[in-house]
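What's counted below: heavy atoms across the whole structure, side chains too, no hydrogens, waters or symmetry copies. Starting from 1, each residue takes its place in the sequence as its number.
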Amino acid sequence: MPSRRLLRVADLLREEIDAILRRSVHDPRVQERDFTITRVEASPDLRHARAFVSTLLDEAGRDALLEGMNRAAGFVHRELMGRVRLKAIPAVEFVYDPGLAQGQRIADLLTTLKHERPQP
């Protein structure tokens, strides 16, 4: 279980990474896409962090989005150095979080079942 401090730092990193990606990254694979940074998991020594990205894009769009984000990881790291006051700024890796897509799929299935079910 991560410490409270580590959880607060991870939440701060999530907010800052999201802001950097939306405002400062000019890669079209990232800039014009709809995505959410759902959470960030940082290592206890704060040298590495994983940013979990959720999106409803198809597989090709999702792969392009993650590729663009990972290509911008060095830029994101440098921007974090200027925005966040920590002893060590973590290197960020972006990975896909299927939670949003799974939730949408469940909602679609429930809607389908509701419409197929005969009304009393």
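- Contact check for E93 versus H48: no side-chain heavy atoms found under the 4.5 Å cut-off.
- Taking the side chain as every heavy atom from C-beta outward, L56 and D34 never approach each other to under 4.5 Å.
- Every side chain to side chain donor-acceptor pair (under 3.5 Å) that D108 has, sequence neighbours left out, goes to Q104.
- Note: R33 CZ to L65 CG = 7.0 Å, rounded to the nearest 0.5 Å.
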Checking side-chain contact (heavy atoms from CB on, under 4.5 Å) for the pair L80/I17: CA distance, chi angles, key distance, verdict?
CA-CA 8 Å; L80 284 172; I17 290 168; 4.0 Å; yes

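- By the salt bridge (Lys or Arg N to Asp or Glu O under 4.0 Å) test, R22 pairs with D18, sequence neighbours left out.
- Counting heavy atoms from C-beta outward, D97 and I37 have side chains that stay 4.5 Å or more apart.
- Here the OG1 atom belonging to T38 is positioned 8.5 Å from the CZ atom belonging to R14, to the nearest 0.5 angstrom.
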Could you please spell out the steps behind the side-chain contact (heavy atoms from CB on, under 4.5 Å) verdict for T36 and T55?
CA-CA 6 Å; T36 303; T55 183; over 6 Å; no

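- Two different hydrophobic clusters hold V25 and V95 under the rule that ILVMFWY side chains link at heavy-atom gaps under 4.5 Å.
- Atom CE of M69 sits about 11.0 Å away from atom CZ of R29, to the nearest 0.5 Å.
- In this structure, CD1 in I89 is found 13.5 Å from CZ in R78, a value given to the nearest 0.5 Å.
- Note that the CG atom of D45 and the NZ atom of K87 stand 11.0 Å from one another [nearest 0.5 Å].
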Could you walk me through whether R83 and I20 pass the side-chain contact (heavy atoms from CB on, under 4.5 Å) test, one step at a time?
CA-CA 10 Å; R83 293 177 179 225; I20 292 166; 3.6 Å; yes

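- For the pair D63/E59, a side-chain contact is recorded, criterion being any heavy-atom separation below 4.5 Å from C-beta on.
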Stepwise side-chain contact (heavy atoms from CB on, under 4.5 Å) check, S54 with F35:
CA-CA 6 Å; S54 190; F35 62 88; over 6 Å; no

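- Between D27 and R71 there is no salt bridge, since no side-chain nitrogen of the basic residue lies less than 4.0 Å from a carboxylate oxygen of the acidic one.
- Linking ILVMFWY side-chain heavy atoms closer than 4.5 Å, directly or via other members, places L12 and L7 in two distinct hydrophobic clusters.
- Under 4.0 Å is where a charged nitrogen must lie from a carboxylate oxygen, and between R39 and E41 at least one such pair does.
- A donor-acceptor contact shorter than 3.5 Å is absent between the side chain of H77 and the backbone of V92.
- When the side chains of ILVMFWY residues are joined at heavy-atom separations under 4.5 Å, either directly or via intervening members, F52 and V40 end up in two distinct hydrophobic clusters.
- When every heavy atom of L6 is checked against every heavy atom of P44, the shortest pair comes out as CD2-CA, 4.2 Å.
- Remark: R50 is not positioned above the aromatic ring of F94, lacking an NZ or CZ atom under 6.0 angstrom from the ring centre and at most 45 degrees off the axis.
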